[in-house]
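Input: a single structure, listed below in structure tokens.
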Amino acid sequence: MTNKVINDFSITVGTENGSGSQTSNLTILRAIFKMGIPVTGKNMFPSNIQGLPTWYTIRLSKDGYTARRDEHEIVIAMNPKSFARDVADVLSGGVLFYDDSIKMPIERDDITVYPMAIKQIIKEAGIASNLRTMVSNMVYVGILAEMLGMDMDKIKTALDFHFKGKEKPVAINMDVIKASAKWAAENLEKTDPFYVEPMDKTEGLIMADGNTAAALGAIYGGVQVVGWYPITPATSLVEKMNYYLPQLRTRKDGTASYAIVQSEDELAAVGITIGGAWSGARAMTSTSGAGISLMGEYVGLAYFSEVPIVIWNVQRMGPSTGLPTRTSQGDLNQAHYLSHGDTKHIVLLPGSVGECFEFGWKAFDVAERMQTPVFVLSDLDLGQNQWESKPFEYPDAPMDRGKILWEEDFEAFEAKNGKWGRYKDVDGDGIPYRTVAGNRHEGSSYFARGTGHDPFANYSEDPEVYVQGIDRLNLKYKTARKYVPDAIIDNMDGAKVGIIAYGSTDPAIVEARDLLLAEGLKTDYLRLRALPITDTVEDFIRDHDKIFIVEMNQGQLREIISLEMPKESTKLVSSTLNNGLSLTAEWIRDDILAKKEN
Amino acid sequence: MTNKVINDFSITVGTENGSGSQTSNLTILRAIFKMGIPVTGKNMFPSNIQGLPTWYTIRLSKDGYTARRDEHEIVIAMNPKSFARDVADVLSGGVLFYDDSIKMPIERDDITVYPMAIKQIIKEAGIASNLRTMVSNMVYVGILAEMLGMDMDKIKTALDFHFKGKEKPVAINMDVIKASAKWAAENLEKTDPFYVEPMDKTEGLIMADGNTAAALGAIYGGVQVVGWYPITPATSLVEKMNYYLPQLRTRKDGTASYAIVQSEDELAAVGITIGGAWSGARAMTSTSGAGISLMGEYVGLAYFSEVPIVIWNVQRMGPSTGLPTRTSQGDLNQAHYLSHGDTKHIVLLPGSVGECFEFGWKAFDVAERMQTPVFVLSDLDLGQNQWESKPFEYPDAPMDRGKILWEEDFEAFEAKNGKWGRYKDVDGDGIPYRTVAGNRHEGSSYFARGTGHDPFANYSEDPEVYVQGIDRLNLKYKTARKYVPDAIIDNMDGAKVGIIAYGSTDPAIVEARDLLLAEGLKTDYLRLRALPITDTVEDFIRDHDKIFIVEMNQGQLREIISLEMPKESTKLVSSTLNNGLSLTAEWIRDDILAKKEN
Amino acid sequence: MARTNNIGLTKNDYKGAPTTLCQGCGHNSILSQVIAACYEMDMVPEDIVKFSGIGCSSKAPTYMLKRSFGFNGLHGRMPALATGSLLGDHTLTGVAMSGDGDSASIGMGQFKHILRRNVPLVYIVANNGVYGLTKGQLSPTSEVGLTLKKQGTNQFEPIDICLEAMASNATFVARSFAGDPKQVKTLIKAALRHNGTAIIDIISPCVSFNNQDSSVHSYAWGKANEFPIHDISFIPARDEIMVEDFEEGTTQSVTMHDGSKIQLKKLERDYDPTDRISAVQIIEEAKANNMLLTGLIYIDPDRPSLMDILNLPETPLNRLPVEDLRPAPDTIQAINAAMF
Amino acid sequence: MARTNNIGLTKNDYKGAPTTLCQGCGHNSILSQVIAACYEMDMVPEDIVKFSGIGCSSKAPTYMLKRSFGFNGLHGRMPALATGSLLGDHTLTGVAMSGDGDSASIGMGQFKHILRRNVPLVYIVANNGVYGLTKGQLSPTSEVGLTLKKQGTNQFEPIDICLEAMASNATFVARSFAGDPKQVKTLIKAALRHNGTAIIDIISPCVSFNNQDSSVHSYAWGKANEFPIHDISFIPARDEIMVEDFEEGTTQSVTMHDGSKIQLKKLERDYDPTDRISAVQIIEEAKANNMLLTGLIYIDPDRPSLMDILNLPETPLNRLPVEDLRPAPDTIQAINAAMF
Ligand SMILES: Cc1ncc(C[n+]2csc(CCOP(=O)(O)OP(=O)(O)O)c2C)c(N)n1
Ligand SMILES: Cc1ncc(C[n+]2csc(CCOP(=O)(O)OP(=O)(O)O)c2C)c(N)n1
Ligand code: SF4
Ligand code: SF4
Ligand SMILES: [Mg+2]
Ligand SMILES: [Mg+2]
């Protein structure tokens, strides 16, 4: 037997979707997490409800790397439909666990193979026949636990969490797990090198998905009006709001401080959102792909009439319906420019579950401050998978409601600034003062519209009035640079090469930089967190000879930056892969090395 | 009296919309045209039906310049609501004609002023009282004709045309015109220098608007299925189709070779278009602004499932509803990238009424050849105003139906290329062979979808299959460079500076180049006619030190070219104005001169 | 001195910018009746909020109630905007103006779904059977056989706004005629007090593009073929109801959410607008017989509105204090603990 | 050897890819009946074209009629795609499958407007009162009181697909139940011969998210509450109609456009599906009484379809020769002369 490999390998489980295996996989993930081992789990599922092959990959990394890996040391093969592929996928020197009722050839002599007597174990465990299918996936949890040396108490903790402390299902599942572990101890002889051992690297951390984080962030950001329409992978964002809002935002008198409407489609969803924001409520919607395309016209209206809305796009693979259960960053360009007639929008780019929470509330502050739509671009990987995270931090700043005038503000405002006009630039920053429907002050009202208007919101077709209006909008967009979350830079001493990335690729970049360092290439890293780009970004680009822009699309950020900084554009190199899977550190390393000398 | 000014000035008529003045204005325009004088007319109208100020400008240019000018030597002021402004707008040394029932001060001593006794003339002409308002606008036609020396026969010709030869209205209007001319001869003393005199510069030319030309072009291109929804300024495109199709495309048996459906909205319009094209009919839609934004999702589907549709966008001012009766080029970027998830489209850019006709048919050839949506970007100025044009030319090439397989083609195809697959790249140009619904050959059918698919149109979530598919689409887009209308270049000996422009700005560019030459600046001119850009464009850019890209938006073409040619991007200078009015040569000259040294 | 209403405002306080619609356009008479109704009901203009889509009809809100907020949204997508805005401040009274193209064509989906949600809103469809603003195309409410200049003859069955509203379980469905200003005004008054979406389909002739005498959306046709199903009057809640208030001949009285009453006097036939089945029947009948039946076709004053269902506080959302918007700092521990 | 039909095809020739829908999903039984109907009607698979939107229901076309062209379009926007495609080749028979979310929510506008145009299309709404593919949200056809796991309890009045179809003057309106395969099949056969849009609203239980016995879209509820309004049978045109063909008890027979006949046998009550008023009434009644009334609710076999109105040639548009597409060279002079 070779040297032990401890806490540093990947496990992939191949099952059928709709078979309940998700509970088993999360149990493994959570138990490992509670053992203090850095761990990450990725779900690769088909776009249907039941019966198709689906995979779940768990990566343990004692060094704390949480990006996806392409390789799996351990494969648990439960699905005859994907069996051949699953067997082939085991890394040489790795391990295959498989359901022994699958009678298919296993032609590999470079791996360890453990059959699992699933049916027999379930039967012997005395599980009532109506529950058998439900719990049969727990067998591999037990066997794996035994063979890797997982802590049974932590498994119990994971199950308690999953079943919200309900004793009966926990007990049934624990029984199966224990029986399976026992069966493994009695029937399988360990000949592989893979082990888990407790560490202390997850202490103080939580596990959460980005959509839950975003929902909670929005709740702490005071979200009030939400129009939405279900679409994978954005659905759970609002569903989590529905779950947490009653407990966090019910008023003392029992009424709701919010209104969520599942609308008939995305055109209505964004319309409701705009209406709510126009009346001064904090309003948002959440969607993906097709949903954003449908919102184009309405977003143009919000832009031109300057209504502060927040739109979450939990990105999936396009074009069109694309691969709706796969992750991508393909909508950056669209978010930046959405709608006809020369529009440009603010885009926030959360790079972690923690930032999903943070931008969840901050997006409202930016939107209301800037009086314009703000897009927040998450993705399926960030939104739906479980990530380790620092605990969510309570907002460190009071709400910024921006330049809003209520009844009591009018007198002082007009005394100082003269007659108020909805679209008048008073402060020279392009941001006017707004009133909202419901303000009862005589003279606070105005007529909002998508047509040309003057500073007093009167209809106008005058060419000069039009141009002045657009100039102010452009000035406002410049002002936004001061209000969006700034980029975060991590430098290595003596690096000449820079990497720019954003969103869910962060863990892969972090790891890739270590890999590149091992190849002798030092890199500085700027993680972009918003558009428009800030001075920080411009300086970073100017300060480096060559910049790799890593993204999961065809090079959209490189395009956007090129336009902002044409003089620097030739040193921007795209490193892109967009195949539905989150990037791996190895791929980034190889791609950057290959392009280094060009 | 100063020297005579002959055939080289502008006339602006200020009236109320819905008052029937359009007939009078067109009569003047056409009569001048028939006198052989290069002439152009621009309508500046409000976004309502009746009662608001509206202006019509006619420019006569013996040198053949047909761009809009900002200055008006002659103003005809018929509307009290815009009277003050109209008076102020007369160029110093110019002429004001006004309805003498407007009793408002005229405080100018640098112009010639002619009151027009409209009411009196109408009354004396013995016009039945129910027709008086209708024909009262003809008075200024008559007076103007007399004072400028217009040819009465040509006026009659214009009226004959307008009233499609109906004698009665022609007679009534001619009577008023003659009476008015007589009144002018008797009551007004000519003290201004402006005259029209016959020339021969319009011989062999026609006058038409771009929407009519596009409609006819599409008809000669074999248009068959049209889904559309009314929107200014695109409406008349399909309405003209409705007008001409019965006479040009009724089959011998009396049935229609086409199907036009006014749908419930633009989402349906483009859906119908895609359905028609997918069945192998030549299909198009036509819209503007908001309509395009609504089509985003469906265009993504057509792109990804590779359905050849044609979308005309007769552009108006955005963002949002913007200035719906003003012209712009603000949707270039949108057309190029429309939809989510990294899409890129072919865009044709007609620069004249003749090209509206030409691209009317050619767009189908490009779409079917490339199996992808093709946008054709016209604008309000090109689409709705009357332009001098060479006669429409019958298509100089047979229809290109692209790589389409019918029942009889299958055997030979498969013998040569193996099993057919809808998305298989057989020729290495990225363009697969398509079959269309209705093909009865067994094995010709496939299931089209917006989701991931393999070369045989089977559903696939496989990352590699996906990437291969996208790579092929990108290759196909490269291939398109060979099939789109190439740019047209006009060089001046020894010029170092280039101008790139497209669409309706062409006359202004042509004139501006002469003005620049007069200032000592020689320019070469590339008129872009399509995206993707071709080798011609790349060479032109490489060959010049500095390139001005003139457009009516915020610099969208400059952005697109910068991305294609990052190395050259710093020499691209934007010269843009987007205020709803078509560009003037003077503005372009001044802007280029101002930016020349930067 | 100008006459004032009970809250001291003149009619002028309810007016808007000068109309830019055509002279004689039915929409102008409708908007006058909105002005009159609000004036007579002593509405505080600041308590009203206006919505519209795109079209000549949708321009109307600019020409009324200048002291109210208003939003001229997108073609066919006004209902969503109104829904969101009224959620933001449900103490406002929403007044919306739409067209037949705006609501029955591009807006069909939103029209139906705002009814499903029963969002409190006076929803007027100024129905001229034509697209006015885009200069005379056929609309989904154009009758079979209608011939328009550039369009030819319509051969598709028209959509009936009221029948559509009934199919979607609307709680207030009325039809009227711009040439019958008194009825229009009364219906608007009742609609202003309805706790739900109040659809008023008003035949509103387009004098520029669809006013031939033979057209069912013309003045002439309307004048000749209007049959009111009852004589309707409205008694606001604050006016104490005395026996005398029951006008002679009143056959039915419907009590609104706020205590206001709609009184109906029988004309030719008995008609009970609280009965769904007869409402559907009478619409079908009118359709079959080519009659312009006008009046309150259906009302259900009691179905909960969206605001009721969402359990909104008395204070509107847009005025809630920050304590109601941001959970207290101590809650964050529990949330983090609830993760894993 | 496998059994064949009159044109020599086996049932297998009508099948599609293996289903990836859940075991027991109502949509699976519907698609089996489409297969059976086409097989029994001796349809040439190449003469059929399939359409759908997005949803579990909209996946169904993949699992049937593999030899036919098909287009899985956008969520809610199938009708436009089908309209265009059938205009491109109107000799094809269109079969469309949609869901309640697809047609009654995002697709409401297109659903209504394809009916207005009467585009010949078998339009099946596989109605499970829930969003299946996105995992269990409330749909506009969910009943008041329906409680779903992540969604809480529905409080909005459900949309009735058949009533909506009637309001929009549909020419073929039927309701059925996936648990009643025989009726489903017969209705599909009739729909295949209808010269217009044939709406079949089929209650199709979602076993994963909405199959509680109390739910009106469940198998249990359907089994317990289905009341066929008649016993329906279909006789294709080619089968010569003999007197004997009139099955015993036939009370009414409707002749389709192509000569096929629908025969109706009376069950509990008299019902005439060619009468609009009773159709609307029976739907309202069923609604009021919480019954799953199934059968052919309404039919008008004679109203012209879009293809009739557009005066299309016998040869489909996609096969017209180039002479029909490009006017002759000599026409261009006249056109240029007609400019100015
Ligand atoms: C998305 C979109 N498509 C088309 C238009 C153009 N448009 C403006 S108004 C209108 C129709 C208006 O008809 P209707 O609602 O009946 O109002 P009316 O003018 O007759 O009162 C159309 C098609 C638009 N503004 N937006
Ligand atoms: C524009 C758009 N929005 C949202 C979605 C996500 N989506 C896919 S299917 C579906 C609902 C399907 O429900 P239904 O039509 O009832 O079909 P079922 O799955 O219940 O058969 C939704 C919301 C989408 N595909 N496209
Ligand atoms: S065009 Fe018709 S609808 Fe529009 S304002 Fe004029 S009369 Fe009214
Ligand atoms: S989720 Fe429901 S609708 Fe979808 S396949 Fe499964 S049972 Fe059918
Ligand atoms: Mg209208
Ligand atoms: Mg459903």
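It should be emphasised that the depicted structure is a prediction, and the values quoted were computed from it without experimental measurement. Chain letters run A, B, ... following the sequence lines, proteins first, then strands; residues in each count from 1.
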Enumerate by number any residue of [range] whose heavy atoms lie under 4.5 Å from heavy atoms of chain C; in the absence of such residues, state 'none'.
| range | answer |
| --- | --- |
| residues 273-286 of chain D | D:R276, D:I277, D:V280, D:Q281, D:E284 |
| residues 156-165 of chain D | D:F156, D:E157, D:P158, D:I159, D:L163, D:E164 |
| residues 100-113 of chain D | D:A104, D:S105, D:M108, D:G109, D:K112, D:H113 |

Inset, instruction - Tell me, with the steps shown, if C:N169 and D:K287 meet side chain to side chain contact (heavy atoms under 4.5 Å, CB included). - result: CA-CA 12 Å; C:N169 299 298; D:K287 205 167 143 178; 3.1 Å; yes

Legend entry - chain D interface, residue from C:S168, C:P140, C:A288 that has the most non-hydrogen pairs under 4.5 Å: C:P140

Inset, instruction - With sequence neighbours excluded, give me every salt bridge (Lys or Arg N to Asp or Glu O under 4.0 Å) pair touching residues 125-152 of chain C. - result: B:E239-C:K150

